[in-house]
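This report refers to the structure that appears directly beneath it.
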Amino acid sequence: MAESQPEARQVYGFGEGFEDRNQLGNKGANLVTMTRLGLPVPPGFVVSIDAFHRFADTGELPGSDIDRELALLESTTGRSLGNGLSVSVRSSGPVSMPGMMDTVLNVADRETLLRSIRDILGSWNVDRAIAYRDLNGISHDLGTAAVVQAMVMGNVGANSGTGVLFTRDPNTGEDELFGEYLANAQGEDIVSGTRTPEPLSWLAEQQPDVYAELYRHVKDLEAYFRDMQDIEFTVEEGTLYILQTRSGKRTGQAAVRIAVEMMREGLIRRDEALMNVTPDQVRSFLHSRIDRPERFLPVLSGLAAAPGAVSGRIVFDNADARNQAQRGPIILVRPETIPDDIQGIAAAAGVLTARGGLSSHAAIVTRAMGKPCVCGAEDADVDPVNGVLRVGDAEFKRGDVITVDGTSGHIYSGELPLISGEPTGELEELLEIADGVRRLGVWANADTPEMVALAQGFGAEGIGLLRTERQFSSPESLAAIRRFILSDTDAERTEALGDLRNLQREDFIKIFRQLDGMPVIVRLLDIPLHEFLPESMVTGDARSEHRREELAEINPMMGHRGVRLAISFPELYRMQVDAIQDAKALVDARVSVMIPQVITRQEAIEIKSHINHSGLRIGVMIETVRACMRAGRLAETVDFFSFGTNDLTQAVFSFSREDAEKEFLTTYLDKGVLEDNPFEVLDAKGVGRLMDTAVYWARRASPTIEMGVCGEHGGEPRSIAILHAVGVNYVSCSPFRVPVARLAAAQATIQGDVGLLATTA
Ligand code: PEP
Ligand code: MG
């Protein structure tokens with residue numbers, strides 16, 4: 001209905017049908033729409049955003065336009081200002097800024113009206129509005145309109161009153177009006193909480209005709225705006241008025257149910273249903289959360305590393321974790337975590353660390369397992385030796401109960417009331433629709449049969465990354481790999497490898513059984529050997545000490561690891577591939593293997609010469625800058641690529657994955673030097689463009705080569721939009737992020753490539 005704006009008009013009556021949100025703001029445009037739809041809206045007019053800008057430049061209001069509209073308002077109502085007519089003046093921006101700007105009520109003379117309009121337009125620049133825009137990334141240039149509207153009175157007797165409602169339940173999504181009504185009152189009386197309102201059913205009993213009319217109008221509004229609405233209304237001596245409508249805020253559960261039910265009712269299309277739910281709302285579905293957390297004060301905060309909330313007793317070491325976990329949920333509290341802690345994490349219900357970022361070991365492992373984790377809680381002084389966690393003056397001892405909220409990053413003392421997240425039929429239905437729309441495949445990262453089962457439950461199409469490090473962590477495997485590292489003779493080495501092969505075959509058999517035909521990509525060993533000989537390992541044996549010293553590196557994560565290790569010790573990868581073949585002989589499986597940390601096709605050729613006999617598909621991880629630049633040649637050499645965006649981000653930024661978040665990165669984010677944490681949200685302009693180059697050269701060399709992404713970014717919605725634009729075939733992420741990725745991938749398809757990789761700075 002929006003027509004081009006007539007020249008120089010700056011004020012518009014509600015009845016004119018001019019609905020341009022950029023001129024009238026949301027509230028103003030919605031009032032015009034409701035008037036056009038024939039709803040009972042008190043009459044009024046809007047001083048436009050154009051007028052705001054002129055006022056900001058010159059200090060002048062469009063006085064004659066306002067006079068004209070006021071005269072019209074007086075003739076429509078048959079009353080004059082101060083003589084039976086009073087008006088309200090409210091702000092109306094194109095982006096909602098709830099409660100940030102002023103409102104003036106009961107304006108009853110010509111002078112006060114102009115002053116109020118000035119005040120409202122001026123309130124665009126009050127401190128709290130500026131701060132709100134800064135926080136929410138809203139441009140300061142937008143400006144606001146001012147809505148002038150005839151007041152209707154809810155406080156003129158028992159037949160009058162005021163109410164607010166949602167057209168569906170904002171907590172559960174159930175299709176019934178949800179709201180409150182206060183007889184003989186004005187809107188402020190509800191907001192201030194001085195009187196307790198009645199449920200809407202009370203209005204239905206007291207004034208059934210009014211309720212029936214209200215029901216009809218609000219359902220019309222819901223159908224018109226194609227979304228659940230949050231509506232304010234007033235009854236003046238038995239006559240209903242609708243004062244405001246806007247899309248209602250809602251929980252994740254409600255968002256999904258409302259979208260699916262409105263689609264089933266034919267009120268919205270399938271793509272609209274998908275766009276009406278945010279990935280965050282799906283995420284909140286699957287994790288337990290604290291019931292009304294605003295009631296509690298956190299004792300400590302860190303990075304929200306793995307979502308969900310859990311309460312448990314504190315333990316400080318792995319052995320204790322395993323013992324205590326049998327007696328109820330425990331929280332593993334560590335200064336930081338190392339691969340050895342895997343057993344403790346597996347036993348724990350939640351994890352808290354003082355150091356480490358969002359791609360630290362603790363974060364990745366807990367996210368994959370679906371356990372709440374807060375890491376990098378810098379104010380925590382963790383003393384595992386004495387079994388104390390100190391936060392300022394407070395002390396928590398082994399056995400004390402805390403609550404970890406990995407969604408917000410807060411830690412609370414004691415056990416808090418939790419609400420558990422249960423997937424529903426509606427979520428399944430929404431995600432199945434998403435599956436029919438999305439172009440990106442969604443796979444999962446999983447290392448154990450349990451994680452594979454989780455991934456299957458969440459709808460993953462395959463396992464895109466099975467990290468084999470875990471297979472070296474059982475006491476038997478650890479002993480065997482240590483014998484391999486420490487051995488002096490070929491015979492000793494061969495025997496140790498034989499033991500490892502048998503142990504790993506057993507692991508693979510269990511995993512393949514669980515896969516039940518689902519494809520899996522097994523990543524061959526990546527970590528440096530010396531991690532198997534930690535300093536805490538006291539052998540008292542001179543040879544071991546010597547070997548550990550030999551293997552020690554100053555910068556091990558950029559040292560003798562991944563493919564480099566296998567170039568030196570090809571028998572390690574051969575052993576892993578043989579174990580896979582042994583298992584496959586018993587349980588058929590669709591297995592590919594991939595080589596980490598590759599920089600050149602010569603590495604791939606060399607490794608292939610040792611493992612080609614297996615007949616398995618062999619791919620490389622693309623996680624070094626050089627591999628991206630040599631993607632064409634690599635694509636000629638291997639069967640598939642998987643981008644390791646964790647290491648690739650580290651390499652592109654020259655930021656240490658392990659340390660950046662605990663040091664300068666937080667400062668960078670606080671000061672706005674970087675907008676997002678690149679280990680969380682894929683950096684489109686650097687990493688994304690490098691990937692784009694790699695994909696281009698790889699497809700030129702091998703048009704059908706399969707390319708996936710198995711870094712943490714594969715489960716993050718904004719990154720998924722970038723990866724969709726880059727044109728990879730699939731993303732692979734922690735099992736718990738699979739539902740989020742399915743929705744985000746569909747939304748990326750609906751929105752199309754939105755210039756995320758544009759070549760401008
Ligand atoms: C990566 O680097 O993105 C990756 C998936 O491997 P890892 O996190 O195990 O280094
Ligand atoms: Mg990596």
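Just so you know, residue 1 is the first one in the sequence shown, and it goes up from there. Whatever order the structure lists them in is the order used to number ligands and atoms, beginning at 1.
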Checklist entry - D647: which N/O/S atom is nearest the Mg ion (ligand 2)? => result OD2
Next on the checklist: For the Mg ion (ligand 2), give me the closest N/O/S atom belonging to E623, just the atom name.
Outcome noted: OE1
For ligand 1, which atoms have a heavy atom of [X] less than 4.0 angstrom away?
X	answer
M621	4 (C), 5 (C), 6 (O)
D647	1 (C), 2 (O), 3 (O), 10 (O)
G644	1 (C), 2 (O), 3 (O)

Looking only at side-chain N and O atoms, does [Y] offer a donor or acceptor that is under 3.5 Å from a partner on [X]?
X	Y	value
H713	D683	no
Q456	Q514	yes
S474	E476	yes
H560	S568	yes

Next on the checklist: Would the distance check show the side chain of Q281 and the main-chain N or O of T278 forming a donor-acceptor pair, the cut-off being under 3.5 Å?
Outcome noted: yes
Next on the checklist: I'd like to know if the side chain of E623 reaches the main chain of P596, judged simply by a donor and an acceptor atom lying under 3.5 Å from each other, with no hydrogens or angles considered.
Outcome noted: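 Here the side-chain-to-backbone pair does not exist.
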Checklist entry - Identify the closest protein heavy atom to atom 5 (C) of ligand 1: which residue and atom is it, and at what distance? => result C710 O, 3.4 Å
Item to check | Nearest-neighbour protein heavy atom for atom 6 (O) of ligand 1, which is reported as residue plus atom name and distance | outcome: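 Answer for atom 6 (O) of ligand 1: R523 NH1, 3.0 Å.
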Checklist entry - Does D526 bring an N, O or S atom to under 2.8 Å of the Mg ion (ligand 2)? => result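 No N, O or S atom of D526 is closer than 2.8 Å to the Mg ion (ligand 2), so no.
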Checklist entry - Pick one: which of Q504, R523, Q576 meets side chain to side chain donor-acceptor pair (under 3.5 Å) with T468? => result Q576
For ligand 1, which part of [X] has a heavy atom less than 4.0 Å away: the side chain, the backbone, both, or neither?
X	result
R467	side chain
L465	side chain
R657	side chain

Checklist entry - Mind checking whether F655 and F653 have parallel, tilted or perpendicular rings, split at 30° and 60°? => result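 The arrangement is tilted - the two ring planes meet at 30° to 60°.
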